[in-house]
Amino acid sequence: AQSVSQHNHHVILSEAASLELGCNYSYGGTVNLFWYVQYPGQHLQLLLKYFSGDPLVKGIKGFEAEFIKSKFSFNLRKPSVQWSDTAEYFCAVRDNFNKFYFGSGTKLNVKP
Amino acid sequence: KAGVTQTPRYLIKTRGQQVTLSCSPISGHRSVSWYQQTPGQGLQFLFEYFSETQRNKGNFPGRFSGRQFSNSRSEMNVSTLELGDSALYLCASSLGGTGNNSPLHFGNGTRLTVT
């Protein structure tokens, strides 16, 4: 079965620090890759997605992610975080059968 | 366009009871998926419905069931509730067609507490 690993469960950063959240998946076939964000008290929202083409994808609020096929990775990055980025971040993979697999999430706490 | 709507927002039930949760997808979306979210476990996939048929299923016991209606609205039922069923249940919709790259759109969830 497919699995998605997010190695950082809880990350604490100061404002203006750079962010990188790791995501690795196990599926060897064609995948679609996603990052979702859940702000406190809100529903999950799509941050960015990769389907094909340029492996560096840009999302909302200055986030980007890079798909490295050889490493089965799709890490999320942001050069300078803000207090408003405090949230929980989920990596997700969709396989050929339209089934989504989510990582266990990374809680980001940005200190002002 | 209205988003994914889940009702009710909160539920408190006792062990052994059953519960039904409802989800109305975004207009035009034919796929509805259900997830269980608990602290530390992330999102666990329950099942997905597309055009009134269960297309995918996760690894939950048979006490968890669902259905989808012709208007794409979906319900999830949990029978013989256990304390461990306490969680946030999320519904997500997407266009869902084969080869379609539509992402999931989530509702606010139903917070179920079993006492």
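This structure is a prediction, so every number in the text was calculated from the model and none was measured. Values reported hereafter were calculated over all heavy atoms of this structure, with side chains retained and with hydrogens, waters and symmetry mates removed. Order of the sequence lines sets the chain letters (A, B, ...), proteins ahead of strands, with each chain counted from 1.
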Counting only heavy atoms from other residues, nucleotides and ligands, does the tally under 6.0 Å from [atom1] of [X] exceed 12?
{"X": "Lys111(A)", "atom1": "NZ", "value": "no"}
{"X": "Lys78(A)", "atom1": "NZ", "value": "yes"}
{"X": "Lys99(A)", "atom1": "NZ", "value": "yes"}
{"X": "Asn59(B)", "atom1": "CG", "value": "no"}

For Leu81(B), the hydrophobic cluster (side chain heavy atoms closer than 4.5 Å, chained through members) also holds Leu11(B), Val19(B), Leu21(B), Val32(B), Trp34(B), Leu46(B), Phe47(B), Tyr49(B), Phe60(B), Phe64(B), Met76(B), Val78(B), Leu83(B), Tyr89(B), Leu112(B), Val114(B)
Under 4.5 Å from any heavy atom of chain B - which part of Gln38(A) = side chain
CG (Asn98(A)) and CZ (Arg55(B)) are apart, to the nearest 0.5 Å, by 4.5 Å
Any idea which heavy atoms bring [X] and [Y] closest together, and the distance?
{"X": "Phe106(B)", "Y": "His43(A)", "answer": "O-CD2, 3.5 Å"}
{"X": "Pro103(B)", "Y": "Phe34(A)", "answer": "CB-CE2, 3.7 Å"}
{"X": "Phe100(A)", "Y": "Ser102(B)", "answer": "CZ-O, 4.3 Å"}

Would you call Phe102(A) and Gln37(B) a side-chain contact if the rule is heavy atoms closer than 4.5 Å?
-> no
Do the side chains of Leu104(B) and Leu44(A) get nearer than 4.5 Å, heavy atoms only?
-> no
Any disulfide (SG to SG under 2.5 Å) pairs touching residues 13-112 of chain A, not counting sequence neighbours?
-> Cys23(A)-Cys91(A)
Part of Asn56(B) within contact of chain A (heavy atom distance under 4.5 Å) | side chain
